[in-house]
Amino acid sequence: MTDTSDTRPADGAAPAARPSPLLRLMRYLPLIAPVLLWAVPCGVLLYSGQHWPLPVTLVGTLLFALGLIAMPLTMVRGHGRRQQDRAAIIGDSLLGGSWVLFTWSVLLGVLLRPVLAVAGVGDGQDRARIVTWAVLGVAAVLLAWGYYEARRVPRVRELDVPLPRLGAGLDGTRVALITDTHYGPLDRARWSARVCEVVNTLEADLVCHTGDIADGTAERRRAQATPLGTVKATRARVYVTGNHEYYSEAQGWVDLMDELGWEPLRNRHLLLERGGDTLVVAGVDDVTAESSGLAGHRAHLAGALDGADPDLPVLLLAHQPKFIDRAAAAGVDLQLSGHTHGGQIWPFHHLVRIDQPALAGLTRHGPRTLLYTSRGTGFWGPPFRVFAPSEITLLVLRSNGSTAASD
């Protein structure tokens with residue numbers, strides 16, 4: 001019988017799937033995004049009916065053009081091969097500032113102007129200028145506040161976490177969580193020491209760091225990370241890698257944390273025993289580890305739990321919340337993660353949620369598994385936190401607590 005189908009290629013190979021329009025657009029996003037971040041505020045603030053004097057328009061346009069040129073250039077010099085910290089600080093600050101200006105230019109440009117029109121405030125030029133000053137005022141306040149929020153020592157967030165399989169002897173176990181410290185171009189050695197001092201006041205049984213220690217190699221950021229060696233725990237200090245370690249010689253960070261007295265849980269576990277009961281504390285490499293090309297680095301949950309009694313409760317450290325699907329399938333009781341920064345600069349959290357199943361806080365995944373996602377202790381890149389405060393977390397494990405996790 002002859003195959004009369006005209007849909008199969010002559011060589012029998014399946015036709016290549018054409019990428020979706022969204023995927024094709026994403027390829028050009030690194031080129032499109034900077035233009036939008038600077039062009040939209042420029043248009044809203046200068047060219048939407050304000051009729052500024054010519055010198056004001058020219059100077060304003062020049063400043064936006066300089067920002068558009070300087071931001072990618074300084075970020076490449078700061079985060080590329082040259083790793084120039086001063087350039088990184090300038091580029092990151094321009095990125096954060098342009099994001100805030102873009103956001104509020106859109107919001108106030110769309111919402112405030114019709115409100116002013118309905119209220120009968122001035123003519124078109126008056127309303128346009130009010131929008132301009134409102135955007136500049138809101139952006140200035142948010143950036144000043146966001147800078148303070150990013151640089152301060154985080155507040156402690158404490159909550160009880162019910163784990164039904166936890167033995168009574170372990171009820172009240174105190175777990176301190178820091179994550180995403182992101183030691184980087186801005187020297188934060190003093191900040192690091194103060195964070196460790198706060199952690200030591202919590203009298204934790206277990207202290208965890210769930211990755212993204214720094215942006216840069218362990219050799220380069222050693223001075224900022226060294227205070228981690230002063231952290232105290234009655235039982236153990238444990239650490240897992242984040243994706244940013246794999247941009248900066250991850251094995252160097254594993255070795256440094258080991259040197260500072262932390263136990264790197266690289267696809268392995270330890271046992272925390274108290275009052276005759278036992279908790280399995282396991283950790284996995286970040287999900288980006290395998291693509292890093294480093295020998296032996298990968299996220300391997302089966303290896304992390306190998307040899308553990310399946311009847312014991314499991315606390316798992318995994319940098320990214322999206323590892324929760326694998327954790328839930330394996331019956332893990334509680335996963336601790338970071339990575340999201342709570343969005344860091346509103347409304348970036350909407351983009352984070354595209355990639356991650358949780359943004360912050362305690363969530364339930366399946367009949368047994370809880371996930372706690374920290375908003376992070378430090379900040380990445382832009383030295384701002386807007387409506388996404390940093391945190392040091394104290395989780396008190398309860399064997400028969402009544403605290404409910406959100407769905």
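Along the sequence shown, residues carry numbers from 1.
Among residues two or more places apart in sequence or in another chain, the side-chain hydrogen bond (donor to acceptor under 3.5 Å, both in side chains) test is passed with Y247 by N243. Taking the side-chain contact (heavy atoms from CB on, under 4.5 Å) definition, one finds that D215 meets it with H182, H244, W380, sequence neighbours left out. Considering only residues two or more places apart in sequence or on other chains, W262 meets the ring-ring contact (aromatic ring centres under 6.0 Å, His included) condition with none of them. F348 pairs by the ring-ring contact (aromatic ring centres under 6.0 Å, His included) definition with W99, not counting sequence neighbours. For Y246, the side-chain hydrogen bond (donor to acceptor under 3.5 Å, both in side chains) partners at least two apart in sequence or on another chain are T241, H297. The side-chain contact (heavy atoms from CB on, under 4.5 Å) test applied to T226 returns R222, not counting sequence neighbours.
Of all heavy-atom pairs spanning R237 and G229, the tightest one is NH1-O, 3.3 Å. Residues E149 and R385 come closest through the heavy atom pair CB-O, 3.6 Å.
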Kindly list each side-chain donor-acceptor pair under 3.5 angstrom involving residues 61-76, sequence neighbours excluded, with atom names and distances?
residue	atom	partner	partner atom	Å
T61	OG1	Y47	OH	2.6
T61	OG1	T57	O	2.7
T74	OG1	A70	O	2.7
T74	OG1	M71	O	3.1
T74	OG1	G91	N	3.3

What pairs of donor and acceptor atoms, side-chain ones from residues 197-204 against any protein atom, are under 3.5 angstrom apart with sequence neighbours left out?
residue	atom	partner	partner atom	Å
N200	OD1	K232	N	2.6
N200	ND2	C196	O	3.4
N200	ND2	T230	O	3.1
T201	OG1	V198	O	2.5

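Atom CZ of R194 has 12 or fewer neighbouring heavy atoms from other residues, nucleotides or ligands inside a 6.0 Å radius. Enclosure of atom CZ in R152 by more than 12 non-hydrogen atoms of other residues, nucleotides or ligands within 6.0 angstrom is indicated.
From L206, atom CG reaches atom CG of L270 across 7.5 Å, with rounding to the nearest 0.5 Å. Of the inter-residue distances, the one linking T217 atom OG1 with Q251 atom CD reads 13.5 Å to the nearest 0.5 angstrom. Rounding to the nearest 0.5 angstrom, the gap separating the OG1 atom in T363 from the CD1 atom in I324 is 7.0 Å. In this structure, CG on D180 lies 9.5 Å from CD on Q344, to the nearest 0.5 angstrom. Taken from CZ in R157 to CG in L177, the straight-line distance is 11.0 Å, to the nearest 0.5 Å.
Counted by atom type alone, T179 and H209 present zero donor-acceptor pairs between their side chains at under 3.5 Å. Counting only N and O atoms by type, the side chains of S337 and H339 include no donor and acceptor under 3.5 Å apart. Inspection of the S48 and R113 side chains reveals an N or O donor paired with an N or O acceptor under 3.5 Å. Side-chain contact annotation: D205 with T173, donor-acceptor N/O pair under 3.5 Å absent. Counted by atom type alone, T132 and Q50 present one or more donor-acceptor pairs between their side chains at under 3.5 Å.
Residue pairs meeting the salt bridge (charged side-chain N to carboxylate O under 4.0 Å, His left out) criterion with at least one member in residues 323-345, sequence neighbours excluded, are R165-D333. The stretch residues 89-106 participates, sequence neighbours left out, in no salt bridge (charged side-chain N to carboxylate O under 4.0 Å, His left out) pair at all. For residues 137-147, no pair satisfies salt bridge (charged side-chain N to carboxylate O under 4.0 Å, His left out), with sequence neighbours left out. A salt bridge (charged side-chain N to carboxylate O under 4.0 Å, His left out) check over residues 280-305, counting only residues at least two apart or in different chains, returns the pairs R266-D285.
Here E249 does not pair with R220 in a salt bridge; the nearest charged N to carboxylate O distance is not below 4.0 Å.
Both tests hold for R188 against F379: distance to the six-membered ring centre under 6.0 Å, angle to the ring axis within 45°.
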